[in-house]
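It should be emphasised that the depicted structure is a prediction, and the values quoted were computed from it without experimental measurement.
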Amino acid sequence: MPAYHSTFLTEQTEDSRLVGNIALLPIHTKFRGPSYPPQQDYDIIEETLDLFRANSFFKNFEIKGPADRLLIYGILFVSDCLSKLNKSVNFKEATRILNNLSLDSFSLPGDMGFPLNSMYQPPANKNEADLLRSYLQQFRQELAERLLKRIYGDDPNTPSKFWLAFTRRRFMNKSL
């Protein structure tokens with residue numbers, strides 16, 4: 001059974017921009033950044049959260065386009081978020097932990113610490129690198145917020161065991 005790919009692969013139009021070979025897709029967000037709202041309600045963040053649990057079982061992933069690269073980055077970030085949480089953390093503490101994680105310094109494609117340099121092209125210049133960094137920071141913040149809403153949807157004092165069961169799973173045996 002193959003892994004699930006992004007539905008935004010076919011939407012490579014004037015709406016999406018490319019930096020290196022990563023698509024900067026529109027997202028619904030309240031955080032500042034270069035992203036703009038999409039035409040429909042479903043965006044890449046919702047898709048990442050929907051496909052995370054199914055795709056986390058796969059050790060191999062065939063990249064079919066720039067939207068898949070953003071999906072991979074999102075799945076790896078969700079995996080890192082889940083590894084930072086444990087069963088005794090309430091919603092307020094989890095919000096603090098994931099906000100710090102999403103705002104922490106992170107490496108871009110082409111940097112020494114980036115785990116998937118073989119699959120990602122680095123930005124062409126400093127302006128593109130700054131654009132990618134601000135987009136990914138906005139992406140990480142929104143992804144962390146929506147992940148918290150799913151994990152703590154039922155009870156704000158205890159996280160969902162169905163999400164925390166994936167804390168030890170490593171998509172493609174990688175982590176950010």
Side-chain angles (χ1 to χ4, degrees), residues 1-29 31 33-83 101-102 106-125 127-147 149-150 162-163 165-176:
M1 183 173 155
Y4 295 99
H5 294 277
S6 177
T7 58
F8 297 101
L9 289 172
T10 58
E11 295 186 17
Q12 293 302 112
T13 61
E14 67 277 349
D15 289 348
S16 62
R17 298 173 285 179
L18 289 177
V19 173
N21 56 1
I22 300 175
L24 304 184
L25 296 170
I27 55 176
H28 291 288
T29 184
F31 298 101
S35 180
Y36 46 92
Q39 305 295 334
Q40 69 266 20
D41 290 338
Y42 194 70
D43 62 358
I44 188 67
I45 304 246
E46 286 298 318
E47 182 176 54
T48 301
L49 292 171
D50 289 346
L51 297 179
F52 169 75
R53 293 189 280 184
N55 277 349
S56 65
F57 291 107
F58 293 100
K59 302 296 180 204
N60 298 320
F61 189 86
E62 179 189 354
I63 298 173
K64 293 188 175 181
D68 271 349
R69 287 182 179 83
L70 188 60
L71 179 67
I72 290 170
Y73 186 87
I75 289 173
L76 292 175
F77 181 70
V78 169
S79 180
D80 282 355
C81 288
L82 290 176
S83 68
L101 180 64
S102 64
F106 57 92
S107 55
L108 294 175
D111 293 347
M112 288 298 289
F114 193 73
L116 301 169
N117 272 331
S118 61
M119 295 182 255
Y120 288 73
Q121 292 176 356
N125 54 41
N127 288 341
E128 281 192 1
D130 290 341
L131 174 66
L132 182 61
R133 182 171 302 283
S134 61
Y135 178 82
L136 288 179
Q137 184 170 5
Q138 183 183 22
F139 181 78
R140 290 162 61 111
Q141 287 175 303
E142 186 64 29
L143 189 55
E145 182 177 304
R146 291 194 207 174
L147 176 65
K149 287 179 183 174
R150 288 191 182 203
F162 300 111
W163 278 93
F166 289 87
T167 56
R168 291 190 180 94
R169 282 258 168 234
R170 292 178 54 141
F171 178 62
M172 297 173 54
N173 284 331
K174 302 280 185 193
S175 67
L176 292 177

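Counting all heavy atoms, side chain and backbone alike, Ile27 lies closest to Phe139 at CD1-CA, 4.2 Å. Counting all heavy atoms, side chain and backbone alike, Ser6 lies closest to Ala67 at OG-CB, 3.6 Å.
Contact check for Phe106 versus Leu136: side-chain heavy atoms found under the 4.5 Å cut-off. Counting heavy atoms from C-beta on, the side chains of Pro34 and Arg17 come closer than 4.5 Å.
In this structure, Leu147 CG and Arg140 CZ are separated by 13.0 Å, a value rounded to the nearest 0.5 Å. Distance check: Ile45 CD1 to Leu143 CG gives 5.0 Å after rounding to the nearest 0.5 Å. Taking CZ of Phe77 as the start and CG of Leu70 as the end, the distance is 12.5 Å to the nearest 0.5 Å. Atoms CG and CG, from Leu25 and Leu71 in turn, are 10.0 Å apart once rounded to the nearest 0.5 Å. Note: Asp80 CG to Leu101 CG = 6.5 Å, rounded to the nearest 0.5 Å. Taking OG from Ser79 and CG from Asn55, the interatomic distance works out to 12.0 Å, rounded to the nearest 0.5 Å.
Taking the ring-ring contact (aromatic ring centres under 6.0 Å, His included) definition, one finds that Phe57 meets it with Phe166, sequence neighbours left out. Among residues two or more places apart in sequence or in another chain, the side chain to side chain contact (heavy atoms under 4.5 Å, CB included) test is passed with Asp111 by Ser107, Leu108, Arg133. In terms of the side chain to side chain contact (heavy atoms under 4.5 Å, CB included) criterion, residue partners of Gln121 (sequence neighbours excluded) are, by chain and number, Asn21. For Lys149, the side chain to side chain contact (heavy atoms under 4.5 Å, CB included) partners at least two apart in sequence or on another chain are Glu145. Residues meeting the side chain to side chain donor-acceptor pair (under 3.5 Å) test with Thr29, sequence neighbours left out: Glu142. Applying the side chain to side chain contact (heavy atoms under 4.5 Å, CB included) test to Gln141 and every residue at least two apart in sequence or in another chain returns Phe31, Ser102, Leu103, Gln137. For the ring-ring contact (aromatic ring centres under 6.0 Å, His included) test, residues two or more places apart in sequence or in another chain that qualify with His5 are Phe61. Taking Phe114 as the reference, Tyr120 meet the ring-ring contact (aromatic ring centres under 6.0 Å, His included) condition, with sequence neighbours excluded.
Remark: side-chain polar atoms of Tyr135 are not paired, donor with acceptor, to backbone N or O of Ala23 under 3.5 angstrom. Checking side-chain atoms of Thr48 against main-chain N and O of Ile44 turns up a donor-acceptor pair under 3.5 Å. Side chain of Asn117 to backbone of Gly110: a donor-acceptor contact under 3.5 angstrom is found.
Residue Asn60 qualifies as open at atom CG: its count of foreign heavy atoms under 6.0 Å is 12 or below.
For residues 34-56, the set of pairs meeting the salt bridge (charged side-chain N to carboxylate O under 4.0 Å, His left out) definition, not counting sequence neighbours, comprises Asp43-Arg146, Glu46-Arg146, Glu46-Arg150, Asp50-Arg150.
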